[in-house]
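Presented below is the structure to which this report refers.
Letters A, B, ... mirror the listed sequences (proteins, then strands); counts begin at 1.
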Amino acid sequence: MQNKTTPPSSQEQLLQRAQALAGMTLGEIAEESGIDIPENLTRNKGWIGLLLEHVLGASAGSRPEPDFPHLGIELKSLPINSLGKPLETTFVSVAPLTGLVGVTWQTSYVRKKLAKVLWVPVLSDKNLALKDRQVGTAFIWTPSEEEDNLLALDWQELTDMIVLGNVENIQGKHGQVLQLRPKAANSQVKTQAFDKNGKPFLTLPRGFYLKIPFTQMLLHKHLRID
DNA sequence: AGCTGATCATTG
DNA sequence: CAATGATCAGCT
């Protein structure tokens, strides 16, 4: 009842494994893996991601490194509706609010995270029971020059605001493809940042998220969904 | 406290 | 009905 998959030895093998899941329901996948499936995601928001990590042989744990370190590939599940539209923004990484001197887009954590991603779409219409949700066709993505430029632009804008002490003025609307939003256990959690005068203060931790139109574009490009 | 995995749920 | 602020679970 615990057949943790061995790590994939190559990108090709990983992609094959992921694409072999296409058409399967989460119930079927969980059953084959001997994993209990929750009624819903309300108290298990990351469950689908963890299930996919398990069956694809990702290294477990919450270490700050790619899911497949030897391949340099990050795994992201992507909830979509029946029209192929993402239902949620995609969390990328926690946003550093301090220690940003000298950090550039080229060396940023966001860029590193998104350098190579295995996207696994999951048909997740709200009226579909969790066990009946169906995995779509996975694909591996590396940002094109154009996509990299879009991300760089937003990252720079948001990072500039953080550096200038304007983190609390950042809205979700900032950025075309990337946004900064709270990322914490609850609204009481605080982390240190710097205000406009360079004085430290405590604020809600933030994370970078990919906006829906961006991930939707990726789906269309790679799967030719319409 | 801060990272991993994200979606929930209320608001505009 | 999309946007965005709030939240849940597990591990280090």
Side-chain angles (χ1 to χ4, degrees), chain A residues 4 18 26 29-30 33 35-69 73-83 85-100 108-110 112-114 117-131 133 135 138 154 158 161-162 167-193 200-216:
Chain A
K4 169 88 181 175
L26 297 182
I29 294 171
S33 308
I35 292 176
D36 290 331
I37 188 165
E39 272 300 304
N40 55 62
L41 295 178
T42 304
R43 295 202 163 272
N44 294 274
K45 295 182 181 179
W47 185 83
I48 296 176
L50 296 177
L51 175 69
L52 293 174
E53 282 190 356
H54 181 93
V55 299
L56 294 177
S59 25
S62 53
R63 294 184 301 284
E65 60 181 27
D67 297 298
F68 304 96
I73 297 178
E74 180 74 17
L75 171 64
K76 288 283 175 203
S77 65
L78 186 62
I80 60 172
N81 67 14
S82 51
L83 300 176
K85 177 177 178 180
L87 293 168
E88 296 285 349
T89 56
T90 301
F91 174 70
V92 178
S93 75
V94 168
L97 302 182
T98 61
L100 282 165
S108 71
Y109 200 44
V110 172
K112 193 171 184 179
K113 274 264 189 181
L114 297 180
V117 179
L118 174 67
W119 292 100
V120 184
V122 179
L123 184 57
S124 295
D125 280 301
K126 288 290 183 182
N127 58 16
L128 263 185
L130 185 55
K131 69 173 178 55
R133 295 186 184 180
V135 175
D154 287 352
L158 296 167
M161 290 187 74
I162 293 171
V167 64
E168 298 205 311
N169 297 324
I170 296 176
Q171 320 264 225
K173 69 176 183 186
H174 284 106
Q176 299 300 301
V177 299
L178 204 59
Q179 66 178 181
L180 198 73
R181 301 219 314 279
K183 166 65 174 174
N186 58 66
S187 59
Q188 310 310 307
V189 177
K190 301 294 182 196
T191 190
Q192 189 189 103
F201 75 106
L202 294 177
T203 189
L204 198 52
R206 316 297 163 106
F208 286 108
Y209 296 79
L210 295 176
K211 293 189 173 188
I212 288 175
F214 185 75
T215 48
Q216 180 168 20

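Judged as a salt bridge (Lys or Arg N to Asp or Glu O under 4.0 Å), and not counting sequence neighbours, A/Lys211 has no contacts. Scanning for side chain to side chain contact (heavy atoms under 4.5 Å, CB included) contacts around A/Asp36 gives an empty result, with sequence neighbours left out. Under the side chain to side chain donor-acceptor pair (under 3.5 Å) criterion, A/Gln192 pairs with no residue at all, not counting sequence neighbours.
Side-chain contact between A/Tyr209 and A/Leu178: absent, with no pair of heavy atoms (C-beta onward) separated by less than 4.5 Å.
In the set B/dT4, C/dC8, B/dA9, B/dA9 carries the atom at the smallest distance from any side-chain atom of A/Thr42. For A/Leu41, the side-chain atoms get nearest to B/dT7 when compared with the rest of B/dG5, B/dC3, B/dT7.
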Under 3.5 Å, which donor-acceptor pairs do the side chains of residues 89-99 of chain A form with other protein atoms, sequence neighbours left out?
{"unit_1": "A/Thr89", "atom_1": "OG1", "unit_2": "A/Arg181", "atom_2": "NH1", "d": "3.1"}

Only distances under 3.5 Å count here; give the side-chain donor-acceptor pairs of residues 40-47 of chain A to other protein atoms, sequence neighbours excluded, each with its distance to 0.1 Å.
{"unit_1": "A/Asn40", "atom_1": "OD1", "unit_2": "A/Thr42", "atom_2": "N", "d": "2.9"}
{"unit_1": "A/Asn40", "atom_1": "OD1", "unit_2": "A/Thr42", "atom_2": "OG1", "d": "3.0"}

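Rounded to whole angstrom, the span from the CG atom of A/Asn169 across to the P atom of C/dT4 amounts to 15 Å. Distance NE2 (A/His54) to P (B/dG5): 17 Å, rounded to an integer number of Å. Nucleotide B/dT7 holds its P atom 13 Å from the CG atom of A/Leu123, rounded to whole Å. Atom pair A/Asp125:CG and B/dT7:P shows a separation of 13 Å (rounding to whole Å applied). Spacing between atom NE2 of A/His174 and atom P of C/dT4 amounts to 10 Å, rounded to whole angstrom units. Here the P atom of nucleotide B/dA6 and the CG atom of A/Leu130 are 14 Å apart, to the nearest Å. In this structure, CG of A/Asn40 is placed 14 Å from C1' of B/dA6, rounded to the nearest angstrom. One can place CD of A/Glu65 at 10 Å from P of B/dG5, the figure rounded to the nearest angstrom.
At a threshold of 4.0 angstrom between heavy atoms, the contacts of A/Thr89 include nucleobase atoms, whether or not backbone atoms are also involved. Nucleic acid contact for A/Lys211: none, since no nucleic acid atom lies under 4.0 Å from a heavy atom of the residue. Residue-level contact check: A/Pro79 touches the backbone only, with heavy atoms under 4.0 Å from sugar-phosphate atoms and none from bases. Within 4.0 Å of A/Gln192, counting heavy atoms only, lies no atom of the nucleic acid at all. Residue contacts shown for A/Gly49 are limited to sugar-phosphate atoms, with no base heavy atom under 4.0 Å away.
The distance from atom CG of A/Leu158 to atom CD1 of A/Ile170, rounded to the nearest 0.5 Å, is 5.5 Å.
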All N/O pairs under 3.5 Å across the protein-nucleotides 5-7 of chain C interface:
{"unit_1": "C/dG5", "atom_1": "N7", "unit_2": "A/Arg181", "atom_2": "NE", "d": "3.2"}
{"unit_1": "C/dG5", "atom_1": "O6", "unit_2": "A/Arg181", "atom_2": "NH2", "d": "3.0"}
{"unit_1": "C/dT7", "atom_1": "OP2", "unit_2": "A/Ser187", "atom_2": "N", "d": "3.0"}
{"unit_1": "C/dT7", "atom_1": "OP2", "unit_2": "A/Ser187", "atom_2": "OG", "d": "3.0"}
{"unit_1": "C/dT7", "atom_1": "O2", "unit_2": "A/Lys45", "atom_2": "NZ", "d": "2.6"}
{"unit_1": "C/dT7", "atom_1": "O4", "unit_2": "A/Ala184", "atom_2": "N", "d": "3.3"}
{"unit_1": "C/dT7", "atom_1": "O4", "unit_2": "A/Ala184", "atom_2": "O", "d": "3.1"}

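A/Tyr109 has a side-chain polar atom (N or O) that falls below the 4.0 Å cut-off from OP1 or OP2 of B/dT4. Under 4.0 angstrom from either OP1 or OP2 of B/dA6 there lies at least one side-chain N or O belonging to A/Ser77. In terms of phosphate contacts, A/Lys173 brings no side-chain nitrogen or oxygen within less than 4.0 Å of OP1 or OP2 of C/dT4.
Looking at every heavy atom in both residues, A/Phe68 comes nearest to A/Leu56 through CE2-O, 3.6 Å.
Nearest-nucleotide positions on DNA chain C for A/Pro213 and A/Asn44 put A/Pro213 closer to the 5' end.
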